[in-house]
Structures are given as C-alpha cells and as structure tokens.
Novice: 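Structure below; questions to follow.
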Amino acid sequence: MRGVGELGVHRFDERLRFSSRNFVSYELNPDYSYGYASSAQSGEYFYWQSDNSLGYRWTERLGTYTGIKLTGTSYPDSDSEDNDRLGWEAYNQFRYQMGPQTVLTLDYRYGQTEAGGNAPDYTDQYILVGAEHRFSPNTIGIVRAGVQLHDVTDGEN
C-alpha cells in the first residue's frame with residue numbers, strides 16, 4: 001500500500017478554524033520524502049502522521065495557528081526495534097497578511113522523538129521566519145529559514 005492521506009478543515013466561524021492532516025503508509029523501503037531517514041533498513045515498515053491545529057484570526061491582518069503533530073514509524077518484521085520511532089511536536093505560527101497574496105510567518109516548534117532499542121532519543125526546537133505568496137489559485141510559493149536546536153539522548157545500553 002502506498003500512502004493514504006486526508007486533509008480536513010472545519011470553520012467554526014469567520015475567525016476560528018480547525019485543520020487536520022492525516023497520513024498512513026505501509027511500504028517496502030523507507031521513503032525519505034517524509035523526512036525520516038535513520039537507516040537504509042530493508043523490509044516493510046509502517047509510517048503514520050497526524051497534524052491537528054486551531055487557527056484564529058485576531059485582526060484583519062494578524063492570525064495564529066497552534067497545533068500538535070504526532071508521528072510513528074515501525075518495522076513489524078524486523079528482529080530489532082532500533083529503527084522504530086514515536087514522536088510529537090507542538091507548534092505555534094504567527095501569520096501577518098502583507099497584501100492579498102502575501103503572508104509573513106514566524107514559527108516556533110518543539111518536538112520530542114523516542115526511539116526503540118539502542119537508538120537515541122532526541123529533542124528538537126525550531127525558530128523559523130518565512131513568507132507565503134499565492135501566484136494563482138492553484139500555485140503557492142513558501143519560503144522559510146531559521147535555526148534548529150537538536151539535543152540527542154543516548155539510547156538504552
């Protein structure tokens with residue numbers, strides 16, 4: 001099975017919205033496009049992700065998105081659990097509408113990932129600034145830059 005994804009958005013009113021992005025995949029080799037690449041372990045693996053957020057528009061120009069993202073990867077046929085991962089990430093994004101097609105963004109993200117077996121656990125923090133520009137109804141350009149603070153904890157011995 002390749003990946004199955006779903007995007008859901010519910011508007012409570014003109015200012016408040018709930019977004020949910022969910023993805024499930026059961027595949028043969030790791031698909032590095034998801035941002036997960038601990039090894040080139042062969043065999044089947046199961047990957048899932050759920051990203052849920054609340055967006056609120058405070059004024060005509062200023063809005064925020066606050067959410068949590070959960071991810072997991074497991075290799076059910078492997079003798080070792082060293083590549084299994086379970087992670088969560090909480091985030092807050094400030095959005096400032098510069099014009100009809102351009103939004104400036106400021107993000108803070110904090111996440112923790114627990115690994116199975118002897119693999120290390122880690123904590124990440126991100127601070128990002130960026131811009132989103134809508135070129136047409138179907139084309140959006142997104143640029144972000146920032147810093148990542150990465151802390152690794154030794155796995156079990």
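Computation of the quantities below employed the complete heavy-atom set of this structure, encompassing side-chain atoms and omitting hydrogens, waters and symmetry-equivalent molecules.
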Novice: Please report the C-alpha distance between S53 and Y91 in whole Å, then the side-chain angles of each, then the deciding distance to 0.1 Å, and finally whether the side-chain contact (heavy atoms from CB on, under 4.5 Å) criterion is met.
Specialist: CA-CA 9 Å; S53 64; Y91 60 89; 3.3 Å; yes

Novice: Could you walk me through whether Y75 and D84 pass side-chain contact (heavy atoms from CB on, under 4.5 Å), step by step?
Specialist: CA-CA 6 Å; Y75 291 84; D84 292 356; 3.8 Å; yes

Novice: Under a 3.5 Å threshold, yes or no: a donor from one side chain and an acceptor from the other, between Q125 and Y108?
Specialist: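 Present: a donor and an acceptor within the cut-off.
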
Novice: Closest heavy-atom contact between R85 and A115?
Specialist: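 For R85 versus A115, the nearest heavy atoms are NH1-CB, 3.2 Å.
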
Novice: Quick check for you: to the nearest 0.5 Å, what is the distance between D151 atom CG and Q112 atom CD?
Specialist: 9.5 Å

Novice: Through direct or indirect side-chain contacts below 4.5 angstrom among Ile, Leu, Val, Met, Phe, Trp and Tyr, which residues connect to L16?
Specialist: F12, F18, L54, Y56, W58

Novice: How far apart are the C-alpha atoms of E132 and R144, what are their side-chain angles, what is the distance that settles it, and do they pass the salt bridge (Lys or Arg N to Asp or Glu O under 4.0 Å) test?
Specialist: CA-CA 9 Å; E132 300 175 7; R144 288 199 178 103; 3.1 Å; yes

Novice: Do N52 and S20 have side-chain atoms, one donor and one acceptor, less than 3.5 Å apart?
Specialist: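 Short answer, yes.
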
Novice: Please step through salt bridge (Lys or Arg N to Asp or Glu O under 4.0 Å) for the pair R109 and D124, ending with a clear verdict.
Specialist: CA-CA 8 Å; R109 299 176 174 266; D124 288 304; over 6 Å; no

Novice: Verify whether one side chain among Q49 and N22 offers a donor that lies under 3.5 Å from an acceptor in the other.
Specialist: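 Side chains of Q49 and N22: no pair found under 3.5 Å.
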
Novice: Please determine whether side-chain contact (heavy atoms from CB on, under 4.5 Å) holds for the pair E89 and Y126, giving the CA-CA distance in whole Å, both sets of side-chain angles, and the decisive distance to 0.1 Å.
Specialist: CA-CA 10 Å; E89 179 179 89; Y126 302 90; 3.8 Å; yes

Novice: Check whether the side chains of N92 and T66 place a donor and an acceptor atom closer than 3.5 Å, and report yes or no.
Specialist: yes

Novice: Determine the minimum heavy-atom distance between S19 and V9, stating which atoms define it.
Specialist: OG-CG2, 3.9 Å

Novice: Closest approach of Y122 and V152, non-hydrogen atoms and distance?
Specialist: CB-CA, 4.2 Å

Novice: Determine whether P120 and T153 make a side-chain contact, defined as any pair of heavy atoms from C-beta on separated by less than 4.5 Å.
Specialist: no

Novice: Kindly say whether the aromatic ring centers of W48 and Y26 come within a distance under 6.0 Å.
Specialist: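 They do not qualify: ring centres at least 6.0 Å apart.
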
Novice: Using atom types as modelled and distance alone, determine if a side-chain donor or acceptor of R11 lies under 3.5 Å from a backbone N or O of E14.
Specialist: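 Checking the backbone N and O of E14 against the side chain of R11, no donor-acceptor pair under 3.5 Å is found.
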
Novice: Between atom OG1 of T102 and atom CZ of R134, what is the distance when rounded to the nearest 0.5 Å?
Specialist: 11.0 Å

Novice: Hydrophobic side-chain clustering at under 4.5 Å (ILVMFWY, transitive links): who's grouped with Y96? Put none if nobody.
Specialist: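 The other cluster members (ILVMFWY side chains, heavy atoms under 4.5 Å, direct or chained) are M98, L104.
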
Novice: Under 3.5 Å, is there a donor-acceptor pair between the Q97 and R95 side chains?
Specialist: no

Novice: Is it possible for you to say whether L128 and L62 belong to one hydrophobic cluster, with membership spreading through side-chain heavy-atom contacts below 4.5 Å?
Specialist: no

Novice: CD1 of I140 to CZ of F135: how many Å apart, nearest 0.5 Å?
Specialist: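 Taking CD1 in I140 and CZ in F135, the distance rounds to 10.0 Å.
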
Novice: If you measure from CG on L86 to OG1 on T71, what distance do you get to the nearest 0.5 Å?
Specialist: 7.0 Å

Novice: Any chance you could lay out the side-chain contact (heavy atoms from CB on, under 4.5 Å) test for T113 and W88, step after step, and finish with the verdict?
Specialist: CA-CA 7 Å; T113 300; W88 65 270; over 6 Å; no

Novice: Can you confirm whether Y65 is buried at OH, in the sense that more than 12 heavy atoms of other residues, nucleotides or ligands lie under 6.0 Å from that atom?
Specialist: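 Yes - once you tally the heavy atoms of other residues, nucleotides and ligands closer than 6.0 Å, there are more than 12.
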
